[in-house]
There are 2 protein chains.
Amino acid sequence: MVTIKDIAKIAGVSKATVSKALNNKSDISKKTKKKIKKIAEEMGYIPNSIAKCLVEKKTYTIGLVLPYLGNPTTIERIKGINDSLFNYGFALIICFSEKQNQQNYIKEMISRKVDGIILTPIMNNLKEVEILTNKKIPFVLMSENIDEGSFDFVGDDDFYGGKIATDYLIKIGHKKIAYFGIGGNIYSDNQIKKGYIETLNEYGIEKKYIMENNFDKQRLKENIKEVMKEKITAIICWSDIMAIDVINNLNDYGVKVPEEISIIGYDNIDFLSIFHIPLTTVSQPNYEIGKQAAILIVEKIKNPDLKPKKIIFKPELIIRKTTKEVNNV
Amino acid sequence: MVTIKDIAKIAGVSKATVSKALNNKSDISKKTKKKIKKIAEEMGYIPNSIAKCLVEKKTYTIGLVLPYLGNPTTIERIKGINDSLFNYGFALIICFSEKQNQQNYIKEMISRKVDGIILTPIMNNLKEVEILTNKKIPFVLMSENIDEGSFDFVGDDDFYGGKIATDYLIKIGHKKIAYFGIGGNIYSDNQIKKGYIETLNEYGIEKKYIMENNFDKQRLKENIKEVMKEKITAIICWSDIMAIDVINNLNDYGVKVPEEISIIGYDNIDFLSIFHIPLTTVSQPNYEIGKQAAILIVEKIKNPDLKPKKIIFKPELIIRKTTKEVNNV
DNA sequence: CTGAAAGCGCTAACAT
DNA sequence: ATGTTAGCGCTTTCAG
């Protein structure tokens with residue numbers, strides 16, 4: 001491996017001069033700079049940013065810790081982060097945290113001296129970010145927020161998302177509307193649920209049907225059976241993927257969507273809009289969310305004392321073919 | 001930030017002892033180890049792996065360089081890599097290379113001293129991997145191979161994929177079959193195309209319809225017009241996403257799938273199987289490909305002189321509803 | 001303008 | 001069993 005020492009030897013100058021020349025410091029003559037750069041180029045020199053980090057105490061690296069639950073929107077956000085991070089000269093180190101304790105993954109990131117962390121917390125819980133606040137490591141939350149405390153956050157307004165979905169269903173005549181969520185205190189789930197409840201209340205609809213499946217397909221099936229007994233006419237789902245599952249299960253029971261039950265998903269996954277019976281869904285700008293999270297963390301690193309900023313996008317209801325007005329006889 | 005020096009001071013021992021104790025070296029007494037570990041814990045010590053890297057010349061980091069072209073299969077592979085890498089104690093640093101020169105991204109990875117690189121080359125060209133071979137940095141190619149040279153590679157057998165798709169269409173009566181690819185010397189594109197051509201030749205079908213759109217929606221439309229003029233009855237597409245596009249365009253022209261034209265995609269994206277008119281497609285095990293790529297790069301790092309290994313999965317034809325036999329009157 | 005020296009936090013070889 | 005020393009590759013004072 002060629003180092004500045006090697007270059008220094010060839011160029012007949014000191015290590016310090018090489019370092020300064022390569023970094024375009026002002027106190028090196030143009031001639032020397034040119035000469036040294038040429039030699040570096042010829043020798044195929046690639047700087048060792050590890051050594052640089054050790055001195056500068058900055059790694060120009062952002063850690064991304066998030067769960068991947070098979071939702072294709074994830075990649076859009078990652079791409080958004082990647083693209084804007086690269087503009088700032090930062091690299092991205094990723095780990096998918098699954099459903100376990102995120103603390104270990106966060107510690108790993110800290111050990112690797114990332115300058116900041118973008119985190120999608122699994123638990124709506126201060127504990128998740130405790131180390132980060134203790135160690136004063138800049139971080140921003142993405143997509144999922146935490147109720148207690150006040151943190152930098154980029155995501156969409158899921159409360160509003162829950163509202164517009166419910167509102168629409170009521171407006172087209174539905175009264176027995178269910179919400180299919182996850183359970184277990186997930187921020188977005190809570191928010192959508194709140195929006196759902198509040199909207200029903202506004203219209204004076206007492207009866208709520210709140211189902212939780214905790215990512216368990218079997219429980220989802222049971223949930224469906226339960227609401228079918230109750231003769232509900234519409235379901236709002238926490239995600240598009242869940243919505244698809246619900247539709248399939250309903251089809252298996254011979255229940256037609258949207259004729260008998262209307263379904264609204266959440267995410268607006270591209271590919272789901274294409275086929276027949278395109279999904280009615282709530283849309284959020286995933287790429288943009290990732291992008292803004294990256295911009296915010298870089299800002300935060302440059303200026304750690306900035307007070308928490310929230311960038312919240314309004315989701316949009318995309319009405320397609322899985323919802324239908326109810327004939328109120 | 002608390003360092004081993006701080007711990008040493010509190011514990012009343014030397015830095016070396018702390019280092020050894022924390023790393024469970026055998027020449028430290030159990031008592032001291034226990035004491036030091038306790039202090040480290042209490043002080044909230046997190047090791048600085050940057051410093052460690054500088055000494056050990058290993059970062060336990062793998063670089064992943066790949067294009068993201070909106071194909072949701074990408075995330076599956078990333079997840080596969082992530083999961084098995086974590087088992088080995090490696091972290092993953094990702095960058096999406098778009099259509100530009102991948103060399104810069106690779107250099108960035110080298111500068112960051114990754115122990116190895118998993119690369120999906122954009123160009124079927126030795127130049128892409130030149131630095132890596134020069135600098136003797138372990139790498140494995142994933143999904144896309146390079147014709148010249150012989151490299152470690154994990155992916156599926158796209159030649160075979162092209163064959164089974166074509167073979168199936170011929171068996172159900174099609175004779176005028178088109179292949180819709182990308183062009184511009186992409187390995188997988190070439191392979192599928194080869195499989196397509198060879199199979200047609202085997203059946204003595206002279207006429208080939210090879211279209212290239214280079215990811216350009218407009219050119220895709222023109223391609224479709226062209227093959228419609230030729231009255232082809234089936235199209236094999238380079239990807240599921242492209243297949244969807246083709247189907248939509250065909251629908252716009254009032255051409256019915258599969259009644260008038262059969263379509264085969266490539267990728268077997270989950271969500272596309274769910275709706276009515278599920279896509280006939282060629283399936284590849286993306287998660288597994290990522291996983292094996294990770295295992296292979298770690299192997300390669302431990303033993304750089306291993307000769308190139310190829311792990312090639314046989315894709316599978318998934319027959320669904322976008323293909324139909326032809327009535328040969 | 002250029003160079004010598006110190007040091008980032010850690011490990012490893014060699015003493016003790 | 002523990003400590004001393006040197007050094008990884010780089011940047012950064014401070015002198016010259």
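In this text the structure is predicted, and so the values were computed from the model without any measurement. Residue numbers start from 1 in every chain, and the chains themselves are labelled A, B, ... in the order their sequence lines are given, proteins ahead of strands.
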(message) Quick test of your reading of the model: are A:R112 and A:E108 salt-bridged, counting only N-O distances below 4.0 Å?
(response) yes

(message) Using whole Å, what does the distance between atom C1' of nucleotide D:dA1 and atom NZ of B:K35 come to?
(response) 13 Å

(request) Just call it for A:K25: base, sugar-phosphate, or nothing, with non-hydrogen atoms closer than 4.0 Å on any strand. (result) sugar-phosphate

(message) With no hydrogens and no angle check, just 3.5 Å: does a side-chain donor-acceptor pair link A:N82 and A:K291?
(response) no

(request) Answer yes or no: is there an ion pair linking A:R77 with A:E288, defined by an N-O contact shorter than 4.0 Å? (result) no

(message) Rounded to whole Å, please give me the gap between CG in B:N24 and C1' in D:dA1.
(response) 15 Å

(message) Any donor-acceptor pair under 3.5 Å linking the side-chain atoms of B:Q284 with those of B:D267?
(response) yes

(message) Return whichever of B:L54 or B:T32 has its heavy-atom-nearest nucleotide of DNA chain D closer to the 5' end.
(response) B:T32

(message) Working to the nearest 0.5 angstrom, can you tell me the gap between A:N48 CG and B:L54 CG?
(response) 6.5 Å

(request) Please tell me which of the listed nucleotides, D:dT2, D:dG9, D:dT11, lies nearest to the side chain of A:I4? (result) D:dT11

(request) Mind checking the CD1-CG spacing from A:I94 to B:L64? Nearest 0.5 Å is all I need. (result) 8.5 Å

(message) Can you measure A:I46 atom CD1 to D:dC10 atom C1' for me and round it to whole angstrom units?
(response) 16 Å

(message) Taking the ring centre of each residue, are B:F96 and B:Y105 less than 6.0 Å apart?
(response) no

(message) In this structure, how many angstroms lie between the C1' atom of D:dG9 and the CG atom of A:N23, rounded?
(response) 13 Å

(request) May I have the distance from B:R112 (atom CZ) to D:dC10 (atom P), rounded to whole angstrom? (result) 15 Å

(message) Any carboxylate oxygen within less than 4.0 angstrom of a Lys/Arg side-chain nitrogen, looking at B:D152 and B:K300?
(response) yes

(request) Scan side-chain atoms only and decide if B:S143 and B:T120 contain a donor-acceptor pair under the 3.5 Å cut-off. (result) no

(request) Would you mind reading off the distance between B:K58 atom NZ and D:dC8 atom P, rounded to a whole angstrom? (result) 17 Å

(request) Describe the nucleic acid contact of B:D27 in one word from base, sugar-phosphate, nothing, applying a heavy-atom distance below 4.0 Å. (result) base

(request) Measure the distance from NZ on B:K113 to P on D:dG9 and round it to the nearest whole Å. (result) 8 Å

(request) Quickly work out the A:L22 CG to D:dT12 P distance and round it to whole Å. (result) 13 Å

(request) Using a cut-off of strictly less than 4.0 Å, decide whether A:Y45 has a side-chain nitrogen or oxygen near OP1 or OP2 of D:dC10. (result) yes

(request) Check each residue of residues 8-21 of chain B for a non-hydrogen atom within less than 4.0 Å of any atom in DNA chain C, then write out the ones that pass by number, or none. (result) B:K15, B:A16, B:S19, B:K20

(request) Could you list where the contact with chain B starts and ends along DNA chain C, reading 5' to 3', using a 4.0 Å heavy-atom cut-off? (result) C:dG9 to C:dA13

